[in-house]
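These notes are about the structure you will find just below.
In what follows, every heavy atom counts, from backbone to side chain, and hydrogens, waters and symmetry copies are set aside. Please read all numbers here as calculations on a predicted model, not as lab measurements.
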Amino acid sequence: MNRWIGSLACCVIGCAAAAGIIPEEYALVRRLQLTEPTVENGIATWNPDADFFVEVDDLQADWRVTTPAGREIAARIIRVEDPVFSASYEVCPSRISASGRLSGSAAVSQIWELELARPADELSAVELKITNRVFEKRLTVEIADEDGDWHRAISEQPLIGASDRDFTEEFRIYFQHRGSGKKVRVTLTDSIDEQSPLPAEELKIDTIRLLRRAPEPLDAIARRQPQVLPPLQHTVRNQRTALTFDARRVPLSGFELQTGSRNFSRRFHLHGSEDLKGWRTVTEGMLHANGSGLGELSFNFDQSRYRYYLLEIDNGAGAELENIRVKWEQVSYRMVISEALPALHLYFSGDTERPAYPDMKFTPGELQQLPEYQALPPEPNPKFRPFIVEEQNYRSKIYILLAAVSVTIGGVLLLAMRHLKKHPTE
């Protein structure tokens with residue numbers, strides 16, 4: 001009997017899976033279309049937008065992806081992360097193969113050629129230890145390619161120097177070079193273009209070292225993309241500027257204030273809310289800018305997904321900041337879909353559970369290589385039943401009540417039977 005019931009249950013479940021069931025718990029549906037043809041059953045991605053975020057509470061539960069026939073497709077939303085590399089550098093073994101001196105009309109250049117023990121990919125810095133106490137020079141770093149042609153590793157010629165009041169012995173100049181050259185040329189030239197009062201003299205170089213950044217990443221940080229939101233409301237009251245923004249619940253983790261004002265210092269408070277009423281503090285701090293407009297105007301905070309944000313700036317006795325513009329930092333997410341079919345349906349805007357699909361890890365480079373879906377605007381789900389969850393809960397309660405009544409009746413009958421056995425009627 002139990003085996004027959006189990007076989008019947010498997011048959012029913014199998015038929016339902018084959019036929020497909022259109023989700024009824026979700027109010028909205030969007031059609032996903034591949035931007036270009038691809039191999040079926042591969043993996044594809046979709047970049048969630050504000051129309052999606054504003055309707056979804058739990059990024060891993062409140063949505064489903066199906067075929068047009070209703071077969072569910074495994075999918076998961078992942079955060080795009082960039083690797084964070086160590087701040088330490090390692091020395092690339094090298095030796096000075098040649099050195100010399102060039103004299104121009106007024107400038108003197110000293111040249112050193114270094115030969116690496118093996119080709120070093122992605123050189124990151126040159127480190128000089130100079131024993132002279134007073135000097136001022138222009139630095140040029142060049143790297144030879146496989147054909148022996150020299151190319152500048154630094155587009156400009158940085159100025160390095162020391163004085164009796166500010167004596168520095170070691171200099172580290174950073175750059176970025178991608179290649180596999182084995183020869184590096186370092187040139188130091190008198191800075192006569194700046195009409196420097198320092199005498200042109202030959203430098204005494206103790207060591208020259210070539211460095212590269214440690215190759216192994218230490219951690220990963222969420223990739224962020226800038227987004228400008230126009231304020232819903234901009235008011236000035238009681239020496240306080242208040243700007244309200246509708247972020248539509250996109251994940252944010254920072255902002256940058258842009259203004260035409262100069263030379264100011266203002267305290268700010270950033271709050272978040274879902275209904276423009278119950279405001280919660282997200283972060284607070286001080287905004288600073290000097291006469292050139294440079295200063296501390298960017299702030300990071302823990303990722304949040306509020307519908308609305310309120311930025312309050314205390315002006316105090318100062319004037320209101322001019323031409324305020326806020327650039328937000330949105331955390332990048334991708335929906336990874338296990339089957340790259342030509343067309344799919346995305347159901348969302350519902351508070352339900354979905355299967356716990358395994359976590360997925362992709363590098364940004366791998367994500368870029370996957371085909372992408374484009375989403376059409378949201379549409380009402382024609383199969384949506386707004387009270388389906390309440391109906392299911394109601395039915396569950398009815399079943400529990402019936403079971404309790406059945407147990408009670410069974411208990412009463414059992415007691416009656418025992419009573420009759422002890423006191424049979426004549």
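Taking each heavy atom of Y308 and E274 in turn, the nearest pair found is CE1-O, 3.7 Å. Minimum heavy-atom separation, M335 to A75: CG-CB, 4.4 Å. Between D62 and G350, the closest heavy-atom pair is CB-O, 3.2 Å. A pairwise comparison of heavy atoms in S253 and R224 identifies OG-CD, 2.9 Å as the closest pair. Pairing each heavy atom of T241 with each of I324, the nearest pair is CG2-CD1, 4.2 Å.
Aromatic ring centres of W46 and F52 lie closer together than 6.0 Å. Checked against the 6.0 Å centroid threshold, F299 and F268 count as a close aromatic pair.
Using a 4.0 Å cut-off between charged nitrogen and carboxylate oxygen, E127 and R172 count as a salt-bridge pair. No salt bridge links R266 with D314; every basic N to acidic carboxylate O contact stays at or beyond 4.0 Å. A salt bridge between R305 and D57 is absent, with no side-chain N of the basic residue lying under 4.0 Å from a carboxylate O of the acidic one.
Applying the side-chain hydrogen bond (donor to acceptor under 3.5 Å, both in side chains) test between E142 and each of H151, R185, K183, R152 identifies R185 as the sole match.
A distance-only check finds no donor-acceptor pair linking the side chain of S109 to the backbone of T189 [under 3.5 Å]. Put simply, the side chain of D275 gets close to the backbone of G278: a donor and an acceptor are under 3.5 Å apart. Between the S338 side chain and the A74 main chain, a donor and an acceptor come within less than 3.5 Å of each other.
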List the atom pairs, donor and acceptor, that lie under 3.5 Å between side-chain atoms in residues 227-237 and the rest of the protein, sequence neighbours left out.
unit_1 : atom_1 : unit_2 : atom_2 : d
Q227   : NE2    : Q330   : OE1    : 2.2
H234   : NE2    : E320   : OE2    : 2.8

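With 3.5 Å as the limit, one finds no donor-acceptor pair spanning the side chains of R30 and N381.
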Discussion item. Determine whether E256 and K327 satisfy the following criterion, salt bridge (charged side-chain N to carboxylate O under 4.0 Å, His left out), listing intermediate values before the conclusion.
Written reply: CA-CA 5 Å; E256 178 187 354; K327 184 167 65 174; 3.5 Å; yes
Worksheet item: Between Y309 and S304, is a side-chain hydrogen bond (donor to acceptor under 3.5 Å, both in side chains) present by the stated rule, with each step listed?
Response: CA-CA 10 Å; Y309 289 87; S304 60; 2.8 Å; yes
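In this structure, W328 and F245 have perpendicular ring planes: the angle between them is above 60°, well past the 30° mark.
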